[in-house]
S.K.: 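Below is the structure I would like to discuss, written out as structure tokens.
Both counts, for ligands and for their atoms, begin at 1 and track the order of listing. Just so you know, these numbers use all the heavy atoms, side chains as well, and skip hydrogens, waters and symmetry mates. All residue numbers refer to positions in the sequence shown, counting from 1.
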Amino acid sequence: MQNDILVYGSYGFTGNLTVDEFQRRGLSVTLAGRNEDKLKQQSEKTGLPYLVFELNTPELTTIIISPFKTVLNCAGPFRYTSLRLAKACVNSSINYLNVTGEFAVIEQLSLLDKKAQQNGCVVLPGAGFDVAPSDCLIAFAQNKFPGARTIRLCLSLGGRPSRGTMRTSLSQFKEGGVIRSRGLLTPVRIAHKSYKIDFRDKVRTCVSIPWGDISSAFYSTQIPNIEVYMAMPNRFARLAKLAGLFHGIVKRKPFSSFLASWVERQPEGPSLSEREKGGSRIYVTVNDITSRKSFLLKTPEAYTLTAQIAADAAIRVTADTVKPGFHTPSTAFGMNYIMKFKGVERHELVRGKRNRL
Ligand SMILES: NC(=O)c1ccc[n+]([C@@H]2O[C@H](COP(=O)([O-])OP(=O)(O)OC[C@H]3O[C@@H](n4cnc5c(N)ncnc54)[C@H](OP(=O)(O)O)[C@@H]3O)[C@@H](O)[C@H]2O)c1
């Protein structure tokens with residue numbers, strides 16, 4: 001499997017951590033992206049080969065990516081990078097993975113299912129903290145409650161987002177909120193609802209966000225109603241509500257330019273010590289008309305876990321262990337996949353108590 005995997009966007013914050021994780025596992029990968037200087041630097045540091053190319057290069061399939069079995073895309077926002085690279089991969093029977101949490105990207109990639117099946121390759125978005133842990137937890141919750149019709153997912157990141165994540169969230173924010181209702185993606189106001197959720201270490205305010213699970217969880221479970229919430233400090237929750245109410249104004253310049261330039265001044269991502277100390281919690285409730293069940297997943301810090309999942313998923317797919325076609329993490333590897341990562345704990349929540357599962 002040495003050098004069967006190409007990592008595009010390898011010198012970004014997440015790409016870098018993922019390349020480190022491949023090396024920790026003793027595997028050589030090929031670095032790639034559009035900035036030669038950054039690739040050269042990364043190649044000198046890691047001793048790995050690299051390829052420089054833009055995604056609008058005409059020879060993308062025939063020459064550049066054809067020697068590889070798998071392409072792992074870490075270059076986001078994925079709305080600008082994913083479809084072109086994924087199509088090139090599928091046309092050349094190469095597996096394609098990314099670490100997106102953007103629901104619109106997951107939707108686009110689901111349309112490549114048939115072609116991927118015909119060409120014998122795998123398309124797997126969401127191979128990171130978004131959406132692998134929540135996707136596995138939701139599949140597990142459905143297994144425990146097969147009649148569930150509604151999913152409410154609440155994420156507590158427990159640490160600082162990277163600059164790339166903020167950039168991506170900002171580009172999604174401009175488009176407003178979305179939930180899945182009766183099987184359909186349905187626009188709503190940004191932060192249209194909020195809840196106080198007891199994550200069992202702390203009660204946190206969670207505000208609705210348009211996240212990848214409104215697509216991935218639907219493809220994993222066919223449950224028709226899905227809402228996703230993010231825990232945030234009360235003052236940010238209030239700001240998010242205001243931004244939702246005045247979305248028409250807030251998404252326009254100069255406000256959006258001010259936010260974009262603020263994002264570019266933020267640190268690249270959480271430091272090593274922040275990542276070592278951090279941890280995330282994912283709370284999911286599934287219900288039908290009369291009853292409900294709730295589950296909690298505790299995980300290591302989101303960016304550390306993303307790098308581990310992305311590398312692990314790419315290795316598994318490259319080893320031909322997954323049936324060709326479009327997948328979510330739980331359809332590719334099963335609902336218990338997330339439990340193989342160190343530091344992950346799963347609990348069923350029963351009237352204020354926790355039962356470890
Ligand atoms: N699934 C998860 O849990 C998870 C976890 C971490 C990150 N993410 C997502 O991953 C993405 C990257 O995050 P990050 O923190 O690594 O950001 P980052 O440090 O800003 O890195 C972004 C990388 O993408 C490349 N890139 C961006 N736009 C490109 C384009 N149009 N064409 C070619 N390359 C492009 C950048 O290259 P240049 O420097 O040349 O622009 C850079 O290598 C974000 O969308 C983030 O939301 C998801």
S.K.: Using modelled atom types only, decide if a donor and an acceptor are shared between the side chain of Asn95 and the backbone of Lys69 within a distance under 3.5 Å.
M.R.: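 Between the backbone of Lys69 and the side chain of Asn95 there is a qualifying donor-acceptor contact (under 3.5 Å).
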
S.K.: Should you measure from each heavy atom of Phe13, which atoms of ligand 1 turn up under 4.0 Å away?
M.R.: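 Contacts of ligand 1 toward Phe13, numbered from 1: 15 (O), 16 (O), 18 (P), 19 (O), 21 (O).
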
S.K.: Can you find an N or O of Val99 that's nearer than 3.5 Å to an N or O of ligand 1?
M.R.: yes

S.K.: Would you say Arg167 contacts ligand 1, with heavy atoms under 4.0 Å as the rule?
M.R.: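 Arg167: in contact with ligand 1 (<4.0 Å).
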
S.K.: Establish, for the pair Arg204 and Phe199, whether the NZ or CZ atom is under 6.0 angstrom from the six-membered ring centre and no further than 45 degrees off its axis.
M.R.: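 Pair Arg204/Phe199 counts as cation-pi.
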
S.K.: Give a yes or no on whether Tyr303 and Ile338 share a hydrophobic cluster (residues Ile, Leu, Val, Met, Phe, Trp, Tyr; joining criterion: side-chain heavy atoms under 4.5 Å apart).
M.R.: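 No, Tyr303 does not connect to Ile338 through the hydrophobic network.
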
S.K.: Does the structure place the NZ or CZ of Arg292 under 6.0 Å from the centre of the six-membered ring of Phe145, at an angle of no more than 45° from the ring's axis?
M.R.: no

S.K.: Out of all atoms in ligand 1, which are within 4.0 Å of some heavy atom of Gly9? Include the element for each.
M.R.: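 This gives 43 (O) as the contact atoms.
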
S.K.: Kindly confirm or rule out an N or O of Tyr11 lying under 3.5 angstrom from an N or O of ligand 1.
M.R.: yes

S.K.: For atom 46 (C) of ligand 1, what's the nearest protein heavy atom and its distance?
M.R.: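 Ranked first by proximity to atom 46 (C) of ligand 1 is Thr165 OG1, 3.6 Å.
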
S.K.: Give the numbers and elements of all ligand 1 atoms closer than 4.0 Å to a heavy atom of Phe78.
M.R.: 9 (C), 10 (O), 11 (C), 45 (O)

S.K.: Is the terminal nitrogen or CZ of Arg152 (NZ for Lys, CZ for Arg) located under 6.0 angstrom from the six-membered ring centre of Tyr195 and within 45° of that ring's axis?
M.R.: yes

S.K.: Quick one: does any side-chain atom of Tyr8 pair with a main-chain N or O of Phe53 as donor and acceptor, under 3.5 Å?
M.R.: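 Yes: the side chain of Tyr8 pairs with the backbone of Phe53.
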
S.K.: Salt-bridged, Glu21 to Arg25, with N to O below 4.0 Å?
M.R.: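 Salt bridge flag = yes for Arg25 with Glu21.
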
S.K.: For atom 32 (N) of ligand 1, what's the nearest protein heavy atom and its distance?
M.R.: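 Checking every protein heavy atom, the shortest distance to atom 32 (N) of ligand 1 gives Arg34 NH1, 3.4 Å.
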
S.K.: Which is it for Glu274 and Arg160 under the salt bridge (Lys or Arg N to Asp or Glu O under 4.0 Å) test, yes or no, and what are the steps along the way?
M.R.: CA-CA 8 Å; Glu274 284 175 313; Arg160 179 148 49 111; 2.8 Å; yes

S.K.: Below 4.0 Å from any atom of ligand 1, is there a heavy atom belonging to Arg163?
M.R.: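 Contact absent.
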
S.K.: Name the closest protein heavy atom to atom 5 (C) of ligand 1, giving the residue it belongs to and the distance to 0.1 Å.
M.R.: Thr306 OG1, 3.4 Å

S.K.: What residues, two or more places apart in sequence or in another chain, satisfy side chain to side chain contact (heavy atoms under 4.5 Å, CB included) together with Thr168?
M.R.: Pro77, Glu102

S.K.: Can you report which non-hydrogen protein atom sits closest to atom 27 (C) of ligand 1, along with the distance?
M.R.: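 Going by distance alone, atom 27 (C) of ligand 1 is nearest to Gly76 O, 3.3 Å.
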
S.K.: What protein heavy atom is closest to atom 17 (O) of ligand 1, reported as residue, atom name and distance in Å?
M.R.: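 Of every protein heavy atom, Gly164 CA, 3.2 Å lies nearest to atom 17 (O) of ligand 1.
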
S.K.: For ligand 1, is any non-hydrogen atom under 4.0 Å from Lys38's backbone (N, CA, C, O), its side chain (CB onward), both, or neither?
M.R.: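 Answer for Lys38: side chain.
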
S.K.: Report the nearest protein non-hydrogen atom to atom 21 (O) of ligand 1: residue, atom name, distance rounded to 0.1 Å.
M.R.: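 Scanning the protein heavy atoms, the shortest distance from atom 21 (O) of ligand 1 goes to Gly12 CA, 3.3 Å.
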
S.K.: Taking non-hydrogen atoms only, is Thr81 closer than 4.0 angstrom to ligand 1 via side chain, backbone, both or neither?
M.R.: side chain

S.K.: Testing the 3.5 Å rule here: is there a donor-acceptor pair between the side chains of Thr318 and Thr70?
M.R.: yes

S.K.: Note the single closest protein heavy atom to atom 44 (C) of ligand 1, along with its residue, its atom name and the distance in Å.
M.R.: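 Result: Thr168 OG1, 3.3 Å.
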
S.K.: With a 4.0 Å cut-off on heavy atoms, does Cys74 reach ligand 1?
M.R.: yes

S.K.: Can you tell me which portion of Asp130 lies within the under-4.0 Å heavy-atom range of ligand 1? Options are side chain, backbone, both, or neither.
M.R.: both

S.K.: Using a heavy-atom cut-off of under 4.0 Å, does the side chain or the backbone of Thr14 touch ligand 1, or both, or neither?
M.R.: both

S.K.: For Phe129, counting its heavy atoms only, list the atoms of ligand 1 lying under 4.0 Å from any of them.
M.R.: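 Answer for ligand 1: 1 (N), 2 (C), 3 (O).
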
S.K.: Before signing off on this row, confirm whether Ser162 and ligand 1 have an N or O atom pair separated by under 3.5 Å.
M.R.: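 The answer is yes, given that Ser162 and ligand 1 share an N or O pair closer than 3.5 Å.
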
S.K.: Phe140 ring centre to Arg346 NZ or CZ under 6.0 Å, with the angle to the axis within 45°?
M.R.: yes

S.K.: Looking only at non-hydrogen atoms, which of Ala75, Ala32, Gly212, Ala310 approaches atom 25 (C) of ligand 1 most closely?
M.R.: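 Looking at heavy atoms only, the winner is Ala75.
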
S.K.: Closer than 3.5 angstrom, by distance alone: can the side chain of Ser330 be matched with the main-chain N or O of Ser220 as a donor-acceptor pair?
M.R.: no

S.K.: Does any donor atom in the side chain of Ser194 or Thr205 lie under 3.5 Å from an acceptor atom in the other side chain?
M.R.: no

